[in-house]
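Everything numeric in this text was worked out from a predicted model, so none of it was measured.
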Amino acid sequence: MSTSIIIGGSNGLGRMIAQRHADRGDTVVVTSRDGTRAKDVAADIGGNTDGIAIDLASPETIAASLAGVAEVDHLVITATQQFPNSLQDFNVGHAIEAVTIKLVGYTEVVRVLRDRFTPKASVVLFGGLAKDRPYPGSTMVTAFNGGISTLVNTLAVEMAPHRVNAVHPGVVGDSPKWAAMADTHPHIPRTPIGRLVIMNEVADAVDFLLTNNAVNATNLIVDGGLTAN
């Protein structure tokens, strides 16, 4: 059995990934900014699952928040804050918080936990397709997801021999954010598979990145072929 840490595992894709790991017998830690919510989600997931509070927007607090984690086999970081932000109506406070979470917070989590990695431990960071396909209001989302795509390179070198990869989903049709547009989203006609990707498919991609020992410093796009069209 493995120990899996899912940062942002209290909702959406993070929660689904945490459930998968718990169902196969892993010791799982899920996190949320709200400690009560993290504990409640952990109880719902069941098995040997615990929940802790962690705030990636305050990276100086991350080490103390993760002090109780003894070892790590799999680290998945999904947490994000996607405030709409455009150049025309740029909100500096929202921009600083979003970038702090995705770039400073993600890096600090890896730094804090690296000494607790088991020999074959691996990391998956979540980015997104906005790095290549901006949309209205995605100014900072595009920027920080682009940052994730290059962050994996330096982390893979600095963390060697441990592996670090990133997954970049397109619009996920059955996710809480997009479920209402699962059959009507404008990406569908331009996607070669004829539909949006689903959460299970993104979770499958994460499993691949976590377990294939030859895959390192890789940015895996999961979009049904949208970027090819």
Practice item. For residues 48-86, pull every pair meeting ring-ring contact (aromatic ring centres under 6.0 Å, His included), keeping only residues two or more places apart or in separate chains. Key: His21-His74, Phe83-His94
Point to revise | Within residues 182-201 or reaching into it, pairs that qualify as salt bridge (charged side-chain N to carboxylate O under 4.0 Å, His left out) - sequence neighbours excluded | key: Arg195-Glu201
Study note, to complete from the structure: Applied to residues 132-154, the salt bridge (charged side-chain N to carboxylate O under 4.0 Å, His left out) test, sequence neighbours excluded, yields none
Exercise for review: Only pairs at least two apart or in different chains count here, so list each salt bridge (charged side-chain N to carboxylate O under 4.0 Å, His left out) that has a residue in residues 96-109.
Suggested key: Arg33-Glu97, Glu108-Arg111
Revision key, fill the gap. Taken in chain and number order and not counting sequence neighbours, the residues that satisfy ring pair (Phe, Tyr, Trp, His ring centres under 6.0 Å) with His185 are Trp178, His187
Exercise for review: Mind jotting down which residue pairs meet the ring-ring contact (aromatic ring centres under 6.0 Å, His included) criterion with at least one end in residues 115-143? Sequence neighbours excluded, please.
Suggested key: Phe117-His162
Exercise for review: Keeping to residues at least two apart or across chains, list the ring-ring contact (aromatic ring centres under 6.0 Å, His included) pairs with something in residues 34-66.
Suggested key: none
Study note, to complete from the structure: Applying side-chain contact (heavy atoms from CB on, under 4.5 Å) to Thr184 and not counting sequence neighbours gives Met181
Check your understanding: Tell me, which pairs form a side-chain hydrogen bond (donor to acceptor under 3.5 Å, both in side chains) where one or both residues lie in residues 113-127, sequence neighbours left out?
Key -> Asp73-Thr118
Check your understanding: Tell me the salt bridge (charged side-chain N to carboxylate O under 4.0 Å, His left out) pairs involving residues 38-50, sequence neighbours left out?
Key -> Arg15-Asp44, Lys39-Asp50
Review point. What pairs meet the side-chain hydrogen bond (donor to acceptor under 3.5 Å, both in side chains) rule with one or both residues in residues 219-229, with sequence neighbours excluded?
Key: His168-Asn219, Asp223-Thr227
**Study point:** ring-ring contact (aromatic ring centres under 6.0 Å, His included) contacts touching residues 22-41 (sequence neighbours left out)
**Key:** none
